[in-house]
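A quick write-up on the structure given underneath.
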Amino acid sequence: MKFGIVVNEGPYTHQASDTAYNFAKAALAGGHDISRVFFYHDGVNVGTRLSIPPQDDRQIQEQWTALAKEHDLDLVICIAAAQRRGLLDENEATRQGKDANNIADGFRISGLGQLIEMGIQADRTVTFGD
Amino acid sequence: MSETVKKFLYVNRKAPYGTIYAQESLEVVLIGAAFDQDVSMAFLDDGVFQLTKGQDTKEIGLKNFSPTFRALGDFEVTKLYVEKESLAERGLTLEDLQNIEYEDEDDDWAEKPSIRLVSRAEMADVMADQDVILSF
Amino acid sequence: MATLHTVNKSPFATQSLLSCLAHAKAGDTVLMIEDGVYGASAGTGLAEAVAGLGGGVTLAVLAPDLKARGIDAARLMDGVKSVDYAGFVDLAATHDRTQSWL
């Protein structure tokens with residue numbers, strides 16, 4: 001079965017992105033596919049590579065990046081939500097005249113249409129949020 | 001665009017302004033309208049506060065997005081289910097909500113109300129009839 | 001045509017669980033996750049309301065969240081099913097849709 005996953009909250013303040021990660025891992029282990037993971041609202045902050053949690057804490061972004069590499073997952077960060085919150089890839093940083101970008105490996109920034117497309121293509125869409 | 005037409009329901013249970021969920025949910029609905037899916041919106045619990053008349057955000061400095069609800073008809077989003085019990089619990093009636101209309105192309109573009117008042121049981125039926133439910 | 005509902009808030013903080021149960025239909029499953037697991041205990045001020053609202057609805061709880069919060073499985077209301085993340089995935093796959101009561 002093909003799952004689409006929506007992550008509406010992001011790292012550390014809410015448990016949502018952790019639950020989403022554990023769900024994704026279990027789905028893949030169970031032989032299911034994940035057509036896309038869409039990060040929205042504060043969930044976009046999962047995709048910054050500049051987060052430095054204490055050493056005894058989990059590194060949420062790295063967990064997702066590793067899972068994406070291992071299973072060729074499509075991790076999409078909503079562009080509108082990302083721009084509000086200062087999450088940029090190289091292209092966007094250049095286009096907006098900003099002096100830095102912070103998107104992590106394995107994530108890409110795209111439009112809200114990708115969320116709808118995921119809902120159409122996936123057999124089941126599961127949302128994690130506040 | 002996909003050939004598949006799925007039933008999408010956007011569930012709104014949160015009040016506007018205190019958090020961004022209502023506003024960013026509306027952004028999804030507007031973008032989603034381009035995908036020619038069967039779209040409905042549900043307003044229950046505090047979500048009914050999103051639709052009230054007379055919102056004026058000037059003094060709090062946030063964008064007043066409530067007029068956007070009246071433009072939904074232009075995006076062919078014409079089914080806004082509002083739960084009666086949620087309104088009543090909050091001391092509201094239909095009169096307290098914005099007048100939201102769409103032009104019915106199958107009926108000589110007659111203006112019709114987009115808001116459909118439903119009971120809690122009817123809302124449960126609407127929810128159970130969907131392919132994809134997005135909550136924000 | 002059944003729905004898997006997820007509730008992630010304590011019923012002592014928000015109306016989500018009660019609202020969810022008031023909309024769930026016979027054959028549906030309500031899965032309590034994250035802070036939602038506080039709704040699964042017996043003997044609370046809300047246990048009667050929770051048990052009473054869910055006619056024909058299966059109540060389930062995400063065990064890792066229960067364990068994390070130090071809630072002994074023995075405290076659960078009668079009939080509450082306990083699942084791990086793989087069980088959560090199975091529930092999502094075997095129901096026709098998932099609705100998150102955020």
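Chain naming here is simple, since letters A, B, ... match the order of the sequence lines and numbering starts at 1 in each.
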Is it the case that over 12 heavy atoms from other parts of the model lie below 6.0 angstrom from the [atom1] atom of [X]?
{"X": "C:Lys81", "atom1": "NZ", "answer": "no"}
{"X": "B:Glu122", "atom1": "CD", "answer": "yes"}
{"X": "B:Asp107", "atom1": "CG", "answer": "yes"}
{"X": "B:Glu89", "atom1": "CD", "answer": "yes"}
{"X": "B:Lys53", "atom1": "NZ", "answer": "yes"}

Fill in: Nearest-0.5 Å distance that lies between atom OG1 in C:Thr3 and atom CG in B:Asp129
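So the gap between those two atoms works out to 10.0 Å.
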Worksheet item: To the nearest 0.5 Å, what is the distance between CG (B:Leu134) and CG (C:Leu102)?
Response: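 That separation rounds to 10.0 Å.
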[X], part contacting chain C, at a heavy-atom distance under 4.5 Å:
{"X": "B:Glu83", "answer": "side chain"}
{"X": "B:Phe136", "answer": "backbone"}
{"X": "B:Arg120", "answer": "both"}
{"X": "B:Leu44", "answer": "side chain"}
{"X": "B:Asp46", "answer": "neither"}
{"X": "B:Val11", "answer": "side chain"}

Practice prompt. Quick one: closest heavy-atom pair of B:Ser135 and C:Ser100, and the distance?
Written response: OG-O, 2.9 Å
Worksheet entry | Nearest atoms (heavy-atom pairs only) where B:Ile133 meets C:Gln99 | CD1-OE1, 3.6 Å
Response to the item:
Taking a cut-off of under 4.5 angstrom between non-hydrogen atoms, the residues of residues 10-31 of chain C near chain B are C:Gln15, C:Ser16, C:Ser19, C:Ala22, C:His23, C:Lys25
Worksheet entry | Residue-level interface, residues 62-73 of chain C with chain B, non-hydrogen cut-off under 4.5 Å |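 Hits under 4.5 Å: none found.
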